[in-house]
Structures are given as structure tokens and as C-alpha cells.
There are 2 protein chains.
Amino acid sequence: MMSQKDAFDLQNFLPYLLNQAAEESSLAFQQVYRDRYGMLRTEWRVLFHLGLYGRLTAKEIGTRSKMHKTKISRAVQRLEERRFLTRAPDEADRRQEYLDLTVQGHAAYRDLHAVAHRYDAALADTLTPEEERILRAALRKLARMA
Amino acid sequence: MMSQKDAFDLQNFLPYLLNQAAEESSLAFQQVYRDRYGMLRTEWRVLFHLGLYGRLTAKEIGTRSKMHKTKISRAVQRLEERRFLTRAPDEADRRQEYLDLTVQGHAAYRDLHAVAHRYDAALADTLTPEEERILRAALRKLARMA
DNA sequence: TGTTAACGGTTGATTTTGTAACTAACAACA
DNA sequence: TGTTGTTAGTTACAAAATCAACCGTTAACA
């Protein structure tokens, strides 16, 4: 017989807990970029990187976001089609191209950035300041595990 | 101009942080159930629920795990094909059927349960006891937000 | 009872992701 | 220069997730 205190169930499994929290907390925000701009998560992320750091190549977005290059390639394609960004060939190295947000892209970025900021604050509000601080630190640690 | 202290980037966005931590922490364990038993995450979850709680209907697994019913239906199908579980019709209500692990299913469950337990401990070991306690509490809060 | 609504579960079509192979451009160096 | 290896990015195909419609059964209730 397994003793009660040794009981280990799914609800205590960190990867599962993390996943549940991640899914639940993404939902409301996902709604926003989907409904307002018809974006997928990958697209919102690419937009966010460009809005935050300015002109980048797909490669640079990849190293910063750890997204796979095919995801980025497809997100860029869709963002270009919908006129959220433009591509500028790099004359010095014609393998890569620079990505820039259009005016419309910037507007979407600013809007979503503000929503994200408020949403993050609302999430944090359900936690005590100590919980919030430690949660963020612990998540960073776990994310950097590889 | 945005002030530095107001800087809000993706790395500070809780849903993003949660997602990164969840993905990273799932990876190594995913390897195990994929390589040893050819299972998908949905299948491992169904297996885990049955191993932990015993006989359940698909519906019950759904309410406990919050997985969509089509995911469960397909996971059950594959687990049945591979002889990890059997279905027993409910004579009282013929819409539903009871799911039971086979001997082989139990063996896989026990094996994976042990691995998960050890893996969870290893993850927790990268955190201080206080961090661990607060992390788990905070994750549970966030997961219950809806 | 008969009719309608709800439920558990499955199926098929569509979308999205993952994997590998590919193209074009550049770098290294004999 | 020519050959070989790398790199940035795309494409094709397979695997998986999502969504809506569906089937057979049970519940509700006139």
C-alpha cells in the first residue's frame, strides 16, 4: 500500500501544473489577438518582437523567441499578407531580409502590448506580491533548464 | 518615450513565461512515454487517470482533465488498439462505457508514474523548498482562474 | 406514450504543427 | 578560382489539434 503522504498524482506533477496554468492564463488573451486581428500565437509573438526591438531578421526572432524557423517563416508570411509587416532585402547578405512593421503593424502592436500589460497585471493581482516575485523567478529557472 | 522601468516585454508576460516553463519541463518526460510506449501526451494523460483512479468513463476523464472529448475519444481508441485498456459497456446507460487498464496498461502506468515522480523531484530540486511550495500554490491558483 | 431536448461518444473536414529535405547565398580555404 | 561546408529561409509531407456535424441513447415532460 502506498502511504497517503507519498501519494503523487497528476495534480502534483509540475509539468502538468505548469501546462494547466499556462493554458488557462493564455486563453483570455488569445481571444483578443484572435478576434481583433485574426492572429495565431506565433504571429502575435513575431509582431511583439518587432514592435519591441524594431527591425529584425527572421533568424534574430528565432534566437530571441526560441521558436522554430518554420513557424517563424509561416508567421511572417501571414503577417506580410495581412500588411502588418514588410520585408526589406539585405544587400550585403542576400540570404536574409529585414522585417519591419507597417503603420498598421505598429498600431496592432501598441494595442496588443497595452492589453497584454493590463492582463499581466490582472493575473498578478490574483497573487500576493511574494507569490508573484517567486513565481516569476521560479518560472525563469525552469525555462532555462534545457 | 517609454520609461525603462515601465518596460514590459515578452519575458515578463506571465502567460509567455508559463508557456516556456511548461514546454521546457515537459520535454524530457515526453521523451520517455514516446520512446518507451509510443504514446502521445493525450494518451499518457488518459492512462495516468485510469491508473490513479481506476475504472472511469471517458466523460469522467474529461471533467477531471479538462481535455476535449474528441481528444479523449481518440486517445482511448489508440490505447485500446495497443492493448493498454479495455472497454466495458454500461448496461444501465448504454451511451457510455467503462474503461479499465489491462495488465499491460497497469505496468506502463506504474513505470511512467515512477519516472514522473522522480522527474518531478528532480525539477523541484532546482528550486528552494520555499520556491517550490509557493510555485505550486501559485500555479494552482492560476489554473483555477477560468 | 410521443415528442423534443440533452447527453456520451465518434467521425470527417479543416487548420496548425512538426520534420525533413530543399534552394539560394555566402564562407573557408586549398 | 573551385570545391566543400554552412547559413537563412522556404516548401512538401506527415502528424496532430480543432471544430462542427453526427449517431444512438436517455431524460423531461406534455
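Chain letters run A, B, ... following the sequence lines, proteins first and then strands; every chain starts at 1. Atoms considered below: every heavy atom in the structure, side chains included; atoms not considered: hydrogens, waters and symmetry mates.
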Protein-nucleotide distance ([X], atom [atom1]; [N], atom [atom2]), rounded to Å:
X        : N       : atom1 : atom2 : value
Ile72(B) : dA17(D) : CD1   : P     : 13 Å
Gln96(A) : dT23(C) : CD    : C1'   : 16 Å
Asp90(A) : dA24(C) : CG    : P     : 19 Å
Arg34(B) : dA16(D) : CZ    : C1'   : 13 Å
Glu91(B) : dG24(D) : CD    : P     : 18 Å
Asp93(A) : dT6(D)  : CG    : P     : 17 Å
Glu97(A) : dA24(C) : CD    : C1'   : 12 Å

- Are Ser73(A) and dT10(D) close enough that a side-chain N or O sits under 4.0 Å from OP1 or OP2? yes
- Message: So for atom CZ, which belongs to Arg55(B), do other residues, nucleotides or ligands contribute more than 12 heavy atoms lying within a distance under 6.0 Å?
- Response: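 It does: Arg55(B) CZ has more than 12 such atoms within range.
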- Message: With a sphere of 6.0 Å drawn around CZ of Arg83(A), does it hold more than 12 non-hydrogen atoms of other residues, nucleotides or ligands?
- Response: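 No, because the 6.0 Å sphere around CZ of Arg83(A) holds 12 heavy atoms or fewer from other groups.
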- Message: Less than 6.0 angstrom separating the ring centers of Phe13(A) and Phe29(B), yes or no?
- Response: yes
- What nucleotide among dG9(D), dA25(C), dT11(D) has an atom nearest to a side-chain atom of Arg94(A)? dA25(C)
Shorter than 3.5 Å, N or O on both sides, protein versus nucleotides 4-7 of chain C: list them out with atom names.
from: dC7(C); atom 1: O2; to: Arg95(B); atom 2: NH1; distance (Å): 3.2

- Message: Using only atom types and a distance under 3.5 Å, with no angle test, would you say the side chain of Arg87(A) pairs donor to acceptor with the backbone of Asp100(A)?
- Response: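 No, the answer is negative, given that no donor and acceptor are paired below the 3.5 Å cut-off.
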- Query: Can you name the residues that form a ring pair (Phe, Tyr, Trp, His ring centres under 6.0 Å) with Tyr119(B), not counting sequence neighbours?
  - Reply: none
Pairs under 3.5 angstrom, nitrogen or oxygen only, protein versus nucleotides 14-18 of chain C, please.
from: dG18(C); atom 1: OP2; to: Lys71(A); atom 2: NZ; distance (Å): 3.4
from: dG18(C); atom 1: N7; to: Arg74(A); atom 2: NH2; distance (Å): 3.1
from: dG18(C); atom 1: O6; to: Arg74(A); atom 2: NH1; distance (Å): 3.1
from: dG18(C); atom 1: O6; to: Arg74(A); atom 2: NH2; distance (Å): 2.6

- Task: Before accepting this row, confirm whether a basic side-chain N of the pair Arg136(B)/Glu132(B) lies closer than 4.0 Å to the acidic partner's carboxylate O.
- Result: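 Salt bridge flag = yes for Glu132(B) with Arg136(B).
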- Pairing residues for Arg110(B) by the side-chain contact (heavy atoms from CB on, under 4.5 Å) criterion, not counting sequence neighbours: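 Partners of Arg110(B) under the side-chain contact (heavy atoms from CB on, under 4.5 Å) test: His106(B), Ala107(B).
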- Quick one: side-chain hydrogen bond (donor to acceptor under 3.5 Å, both in side chains) pairs with a partner in residues 36-45 of chain A, sequence neighbours left out?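 Sorted result for residues 36-45 of chain A: Arg36(A)-Asp111(A), Tyr37(A)-Asp111(A), Glu43(A)-Arg78(A).
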- Query: Of Lys69(A) and Ala92(A), whose closest DNA chain C nucleotide lies nearer the 5' terminus?
  - Reply: Lys69(A)
- Item | Those residues that, when tested against Arg74(A), pass side chain to side chain donor-acceptor pair (under 3.5 Å) (two or more places apart) | none
